[in-house]
Asks: 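Right, I'll just put the structure down here and ask away after.
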Amino acid sequence: MYKLMIVDDELLMRVGIRSMLDWEKHEFYVVGEASNGKEALELALEVSPDVIITDIKMPIMDGLQLIQHASDSLKTCKYVILSNFDEFQYVKTALKLGAVDYLIKTEITEALLVELLTSIRMKLQKEHGSLKEMPINPHDITQSLSHLKNNFFQDIVSGFIDRTNITSKAKELHIRIREDKLVLIKFKVNYYESVKKKYIEKGEKLLRFSIQNILDEIIPSKWKKEIVVESSSEYWVIVNMLSNQDSPHTDIKKLCDKILFSIKDFMNLTLSAGISTVVTGFSGIRRAYQEAELALRHDFFEGNYQVLFYDDVLKASVRKEVDILLDPQQEQDFLKIWLSKDEKKAEEFLEGIRSDLEILQADENSIRKNYISVMELINNHLSRTTQRVQSTFKEKTLYETVLKGEYWEDIHEALLTHIVDCFKADSRQNQERSYADLAIEIIDKYYAEDISLHRVANQINVNPSYLSRMFKQEKGENFISYLTKVRIESAKAYLMNRELRVYEIADKVGYQNYTYFNKIFKKMVGLTPEEYRELQ
């Protein structure tokens, strides 16, 4: 096995390279990372890496200086340069200093890394005469220790460890936190089921690793900490308080805000955090976890991307079970709204339901039951024709949203959208429209969804081949062409207001693959999204 270091001032680049492949399969393991040349040099002199992959431009000490200083002590170390297209002059200098190769940041792929490692491994084997013998793999030790720590803290929370053994076990595992003034923060990935789909190719292991790595990098060294991965969607950070104050609010709130912002910036994910009170002793972590968990559950009422303290939740009124609120008079009121198709009054009606539930301090289960009762009321007014013609992809999962939606606000908005859609569908039921018109209506409204010719054809009960032929005949273009045009026009609008990043826009208009979106946009518009934005 050969030791490798990754040096780059961009955390996302380090995480990306490290997560790109299974290094051990190619006879390398990552012994460390650094964000600047000075930090890298100190670490390199300590661990003696065989390979350093380093950025050129970095603060404090750049990549060229790192190579110059490290080469004096690390005679056999190989250097690989990370560069941008406009840095070839620096690359030439680096190659003169002894770098063996370079990588263009925007073009790094798994295949390219494997090819590079194979070449470097052959050079190292030739110099060493044979494969380097490493009876003990520090990386494996680190991984095992992390696993044992995870089990240790989860055993404490589960009550599976004897209190008398906790302190000695903590010493064995080199637990970094002290037993005094501990606070447990539990983080949850919001909308995890949607997030998971984006990691389908690499698996959830990449997601867990990336979040854990960012937590480890972002939390300042002044905090004594331990990070526990409970699942792909849930993580704990256990820290010692910095000050003598018993209230964790000020310092912990700043720390959590920094973590939430960094995860959003680096990974485009939102997290919520539940925070315990201050506890003493490792055995107190069990109570701290229960408090953080209870605080985090309160985000159903508060919404996502929240930092919730247990003691604040404790001060709030106790939520309780309430009965279904709809009475005969409210049902009559809704019938009038239905007949008038007044969207504003419908919004007021639903807001009244929410207000009553809030006044009664209804618990989560009661809120869901009341929203289902409103759904049933709506369905009672829908004719069979309307139910057949109503072309909505979100309709299929509305019950699931009400039953399993993470946040009250999302459930409320989904139901309001459903009501408005029902009004429109019911008003159109007697209008004669072609299958192509129905398809266009679906595309115009749901172009950002997972939409296809077959799905649309199923929604309007027509053979896909027939729909394709009629669409081309009536509209003068095929289904995919029209869908692409709608998506690209929407992307243009997003690009002009400059509020979103390009990868966020791609997701909003129906392209989960950012590279593919760039390719389609360039083909349709003649410019890349970035070039189009610059011209506006």
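FYI, the numbering just counts along the sequence from 1. Everything numeric here is computed off the predicted structure, so don't read it as measured data.
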Asks: For His298, what residues pass the ring-ring contact (aromatic ring centres under 6.0 Å, His included) criterion, not counting sequence neighbours?
Replies: Phe301

Asks: Can you measure from OH (Tyr102) to CD1 (Ile81) and round to the nearest 0.5 angstrom?
Replies: 11.5 Å

Asks: Tell me the closest heavy-atom pair linking Leu45 and Ser73, and the distance in Å.
Replies: CD2-CB, 3.6 Å

Asks: Which atom pair, heavy atoms only, marks the closest approach of Leu117 to His26?
Replies: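 Shortest heavy-atom contact: CD1-CB, 4.2 Å.
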
Asks: Does Asn304 form a side chain to side chain contact (heavy atoms under 4.5 Å, CB included) with Asp299? I'd like the steps, not just the answer.
Replies: CA-CA 6 Å; Asn304 69 81; Asp299 70 344; 5.8 Å; no

Asks: Taking atom OH of Tyr516 as the centre, does the number of heavy atoms from other residues, nucleotides or ligands within less than 6.0 Å exceed 12?
Replies: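 Atom OH in Tyr516 is not packed in, count stays at 12 or less.
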
Asks: Cut-off 3.5 Å, side chains only: do Thr528 and Asn518 have a donor facing an acceptor?
Replies: no

Asks: Aromatic rings Phe521 and Tyr532: how do their planes relate, parallel, tilted or perpendicular, breaks at 30° and 60°?
Replies: perpendicular

Asks: With Lys404, which residues qualify under side-chain contact (heavy atoms from CB on, under 4.5 Å), at least two apart?
Replies: Glu400

Asks: For Tyr2 and Phe28: C-alpha separation, side-chain torsions, deciding distance, then whether ring pair (Phe, Tyr, Trp, His ring centres under 6.0 Å) applies.
Replies: CA-CA 5 Å; Tyr2 294 100; Phe28 289 84; 5.7 Å; yes

Asks: Do any pairs count as a side chain to side chain donor-acceptor pair (under 3.5 Å) and have a residue in residues 218-229, sequence neighbours left out, and if so which ones?
Replies: Lys149-Glu226, Arg176-Glu226

Asks: Give, for atom CG of Asp50 and atom CE of Met5, the distance between the pair rounded to the nearest 0.5 Å.
Replies: 12.0 Å

Asks: Would you call Tyr305 and Leu271 a side-chain contact if the rule is heavy atoms closer than 4.5 Å?
Replies: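 The answer is no; the side chains never approach within 4.5 Å.
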
Asks: Would you call Leu255 and Pro220 a side-chain contact if the rule is heavy atoms closer than 4.5 Å?
Replies: yes

Asks: I'd like to know if the side chain of His69 and the backbone of Gln65 have a donor-acceptor N/O pair within less than 3.5 Å.
Replies: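 Looks like yes, one N/O pair under 3.5 Å.
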
Asks: Can you find a side-chain donor-acceptor pair between Thr167 and Lys171 that sits under 3.5 Å?
Replies: no

Asks: Classify the side-chain pair Ser272/Asn190 by whether it contains a donor and acceptor separated by less than 3.5 Å.
Replies: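 Checked: Ser272/Asn190 side chains pair up, N/O donor to acceptor below 3.5 Å.
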
Asks: Could you check if a side-chain atom of Asp216 sits within less than 4.5 angstrom of a side-chain atom of Ile227, using non-hydrogen atoms only?
Replies: yes

Asks: Test Glu42 against Lys38 for side chain to side chain contact (heavy atoms under 4.5 Å, CB included), laying out the working first.
Replies: CA-CA 6 Å; Glu42 292 172 357; Lys38 183 175 183 295; 3.0 Å; yes

Asks: Taking all atoms of both residues into account, what is the closest heavy-atom pair of Trp23 and Ile17, and its distance?
Replies: CZ2-O, 3.4 Å

Asks: Filter on salt bridge (Lys or Arg N to Asp or Glu O under 4.0 Å), then keep only pairs touching residues 275-287, sequence neighbours left out; what's left?
Replies: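 Pairs touching residues 275-287 that pass the test: Arg287-Glu291.
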
Asks: With a 4.5 Å heavy-atom cut-off, do Glu172 and Lys169 have their side chains touching?
Replies: yes

Asks: Do the side chains of Lys196 and Glu193 get close enough for a salt bridge, i.e. N-O under 4.0 angstrom?
Replies: yes

Asks: Roughly how far apart are Leu296 CG and Ile275 CD1, rounded to 0.5 Å?
Replies: 10.0 Å

Asks: Met241 versus Ile252: any side-chain heavy-atom pair under 4.5 Å?
Replies: yes

Asks: Please list every donor-acceptor pair under 3.5 Å in which a side-chain atom of residues 483-491 meets a protein atom from a residue at least two apart or in another chain.
Replies:
residue: Thr484; atom: OG1; partner: Ile480; partner atom: O; Å: 2.8
residue: Lys485; atom: NZ; partner: Glu477; partner atom: OE2; Å: 2.9
residue: Arg487; atom: NE; partner: Tyr447; partner atom: O; Å: 2.7
residue: Arg487; atom: NE; partner: Val509; partner atom: O; Å: 3.2
residue: Arg487; atom: NH2; partner: Tyr447; partner atom: O; Å: 2.9
residue: Arg487; atom: NH2; partner: Glu449; partner atom: O; Å: 3.2
residue: Glu489; atom: OE2; partner: Lys492; partner atom: NZ; Å: 3.2
residue: Ser490; atom: OG; partner: Tyr447; partner atom: OH; Å: 2.8

Asks: Is there side-chain contact between Val237 and Leu184, with heavy atoms separated by less than 4.5 Å?
Replies: no

Asks: Is there a donor-acceptor pair closer than 3.5 Å between any side-chain N or O of Arg208 and the backbone N or O of Ser232?
Replies: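 Answer holds: no.
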
Asks: Output, in order, the C-alpha distance, side-chain angles, deciding distance and verdict of side chain to side chain contact (heavy atoms under 4.5 Å, CB included) for Tyr79 and Val51.
Replies: CA-CA 6 Å; Tyr79 303 93; Val51 183; over 6 Å; no

Asks: Between Glu234 and Lys188, is the closest basic N to carboxylate O distance under 4.0 Å?
Replies: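 No salt bridge links Lys188 with Glu234.
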
Asks: Is the shortest side-chain heavy-atom distance between Ile52 and Val80 below 4.5 Å?
Replies: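 The answer is no, as the side chains (C-beta and beyond) never meet within the 4.5 Å cut-off.
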
Asks: To the closest 0.5 Å, what do you measure between CG (Asn268) and CG (Asp507)?
Replies: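 Asn268 atom CG to Asp507 atom CG measures 7.5 Å (nearest 0.5 Å).
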
Asks: At their closest point, which heavy atom of Ser276 faces which heavy atom of Tyr310, and how far apart are they?
Replies: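 Heavy-atom minimum between the residues: CA-CB, 4.3 Å.
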
Asks: If you define the side chain from C-beta out and look only at heavy atoms, does anything of Phe209 sit under 4.5 Å from Arg18?
Replies: yes

Asks: Is any NZ, NE, NH1 or NH2 atom of the basic residue among Asp55 and Lys105 found under 4.0 Å from an Asp or Glu carboxylate oxygen of the other?
Replies: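 Salt bridge present between Asp55 and Lys105.
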
Asks: Pair Trp236, Tyr289 - check ring pair (Phe, Tyr, Trp, His ring centres under 6.0 Å), show working.
Replies: CA-CA 9 Å; Trp236 321 343; Tyr289 174 84; 4.9 Å; yes

Asks: Could you tell me whether Arg297 and Glu293 have a side-chain N and a carboxylate O separated by less than 4.0 Å?
Replies: yes

Asks: Once side-chain contact (heavy atoms from CB on, under 4.5 Å) is applied, do any residues pair with Glu39, and if so which ones, sequence neighbours excluded?
Replies: Ala34, Ser35, Asn36

Asks: Can you tell me how the ring of Tyr407 sits relative to the ring of Tyr191, calling it parallel under 30°, perpendicular over 60° and tilted otherwise?
Replies: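 Ring orientation, 0 to 90° scale: perpendicular.
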
Asks: Write down the atom of Val100, the atom of Leu95, and the distance for their closest heavy-atom approach.
Replies: C-CD2, 4.4 Å

Asks: Can Asp257 and Lys253 be counted as an ion pair, charged N to O under 4.0 angstrom?
Replies: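 Lys253 and Asp257: salt-bridged.
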
Asks: Looking only at non-hydrogen atoms, find the nearest pair between Tyr235 and Leu207 and report the distance.
Replies: OH-O, 4.1 Å

Asks: Using 30° and 60° as the class limits, which term best fits the ring planes of Tyr514 and Tyr503: parallel, tilted or perpendicular?
Replies: perpendicular

Asks: Taking it one step at a time, do Ile285 and Leu182 satisfy side chain to side chain contact (heavy atoms under 4.5 Å, CB included)?
Replies: CA-CA 8 Å; Ile285 289 173; Leu182 294 164; 4.2 Å; yes

Asks: Given salt bridge (charged side-chain N to carboxylate O under 4.0 Å, His left out), test Glu504 with Lys508 step by step and report yes or no.
Replies: CA-CA 6 Å; Glu504 293 174 315; Lys508 275 189 169 291; over 6 Å; no

Asks: Say you draw a straight line from OG1 of Thr54 to CG of Asp62; how long is it, rounded to the nearest 0.5 Å?
Replies: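 Reported to 0.5 Å precision, the distance equals 8.5 Å.
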
Asks: Measuring from Arg178:CZ to Thr280:OG1, what's the distance to the nearest 0.5 Å?
Replies: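 These two atoms lie 11.0 Å from each other.
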
